[in-house]
Protein chains: 2
Amino acid sequence: MGLTKSENFTNQQNELANIAKALGHPARMAIVDYLLTVDTCICGDIVNELPLAQPTVSQHLKELKNAGIIKGSIEGNAICYCIDENTIEKLKSYFDNILSNLEKRKSTCC
Amino acid sequence: MGLTKSENFTNQQNELANIAKALGHPARMAIVDYLLTVDTCICGDIVNELPLAQPTVSQHLKELKNAGIIKGSIEGNAICYCIDENTIEKLKSYFDNILSNLEKRKSTCC
DNA sequence: AAATTATATCGTAATATTGCAATGTAATAA
DNA sequence: TTATTACATTGCAATATTACGATATAATTT
C-alpha cells in the first residue's frame, strides 16, 4: 500500500530520515548551498537563483523549514532565511558516529 | 508536472541529494543502523529485524546500494551487505564544510 | 487608498515512492 | 534430481512528491 508507520522505527531513525529526506532533492541542496554564499540572509532572491517558479521555491523552503534545516524570520516585507546550525550538527555527529563505529571493526568483511 | 531536470543543478548537488534521498526513509536508516551493530556483515536477517516483507526490504537495500551507501557481495547462497565508508565520508565532509562556513560569518543575522 | 513587492497557499496534473503477493533465480542440501 | 534457502524482480494498488498557474496575504511605497 505504501505506508510504513513511523512507530515501527526509533525516534532517531524517524528524525534523521526526515532531515535526510528534506535534503534529498537537488533544488533543496541548491538552496542550502546558496544560503551559505550570501552574507546577510535576506534571501528573497533565492527564486532568481533557481530555475524554478516562485511557488515551487516557496514550497521547497517550507520543507526545509519543517525539517529544521533552515529557519526563517520576518524582516519587514521580506523573509530572512538561514541555515539552522543545530540540525547540521546533528547530521554531522550521526555520520561521525557511523565512521568511528566502522573504524572499530575494520576489515572484518567486504 | 513534477520533474526538475538534474542538469539544472551542479553535480555535487545532484549526487548529495541522491545520497540524502536514499537515507530519507526510516526503514533505510534502520537498515544502516542494523548494519552497524552486526560484526560480520552476512546480513540475510535484515528482513527479520524490520517490520517489513522481504521484497520491501530487498527494494530498500537496492536503493541504498544504488546511492552508494551500502555495497553487497555474493557469499555463496547469501549476500554480504555492508556500509560504504567512502560515501559516509563524503557526507561528513559536506556537513563539516557547512559548519565551518557558518562559523566564519557568525551572528550576521537570524 | 491604490500600487507594488515579497512571499504563501490552493488546486491540480504528472510523476515517483512505497509495500507486498506472486513469481523468478541461483546456490546449497538432501 | 528434488527440495530448500536466500535473495531479486514483476506487477500493481495506495500514497506522496513535485511543479506551477492562479490567487491570497501582508508589509511598503506612492
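The sequence lines fix the lettering, A, B, ..., with proteins before strands; numbering per chain opens at 1.
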- Tell me which of A/Gly76 and A/Pro51 sits closer to the 5' end of DNA chain D, going by the nucleotide each one is nearest to. A/Pro51

- Message: For the CG atom on B/Asn48, are there more than 12 heavy atoms of other groups (residues, nucleotides or ligands in this structure) within a distance under 6.0 Å?
- Response: yes

- Task: Let me know the distance between CG of B/Asn18 and P of C/dT17, rounded to the nearest Å.
- Result: 9 Å

- Message: OP1 or OP2 of D/dT17 versus the side-chain N and O atoms of A/Lys21: is any pair under 4.0 Å?
- Response: yes

- Message: What is the distance, to the nearest angstrom, from the CG atom on B/Asn66 to the P atom on C/dT17?
- Response: 11 Å

- Heavy-atom side-chain proximity of A/Asp84 to A/Ile69 below 4.5 angstrom: no

- Message: Side chains of B/Tyr94 and A/Met29, heavy atoms from C-beta outward: is any pair under 4.5 Å?
- Response: yes

- Note on the structure: To the nearest angstrom, the CD-P distance between A/Glu75 and D/dA27 comes to 14 Å

- Which one of B/Glu85, B/Glu15, B/Gln12 satisfies the side chain to side chain donor-acceptor pair (under 3.5 Å) criterion with B/Lys90? B/Glu15

- So which heavy atom on A/Phe9 is nearest to which on B/Ala30, and how close? CD2-CB, 3.7 Å

- Do the non-hydrogen side-chain atoms of A/Cys82 and A/Leu35 ever get within less than 4.5 Å of each other? no

- Check the distance between C/dA21's C1' and B/Leu52's CG and give it to me in whole angstrom. 15 Å

- Item | Which nucleotide in D/dT18, C/dA16, C/dT18 has an atom nearest any side-chain atom of A/His60 | D/dT18

N/O to N/O distances under 3.5 Å, protein versus nucleotides 1-10 of chain D:
| unit_1 | atom_1 | unit_2 | atom_2 | d |
| --- | --- | --- | --- | --- |
| D/dT5 | O2 | B/Asn77 | ND2 | 3.3 |
| D/dC7 | OP1 | B/Ile79 | N | 2.9 |
| D/dC7 | OP2 | B/Gly44 | O | 3.3 |
| D/dA8 | OP1 | B/Tyr81 | OH | 2.5 |
| D/dA8 | OP2 | B/Ser58 | OG | 2.7 |
| D/dA8 | N7 | B/Gln54 | NE2 | 2.7 |
| D/dA8 | N6 | B/Gln54 | OE1 | 3.0 |

- Touch check for B/Ile74, heavy atoms < 4.0 angstrom, all strands: base, sugar-phosphate only, or nothing? nothing

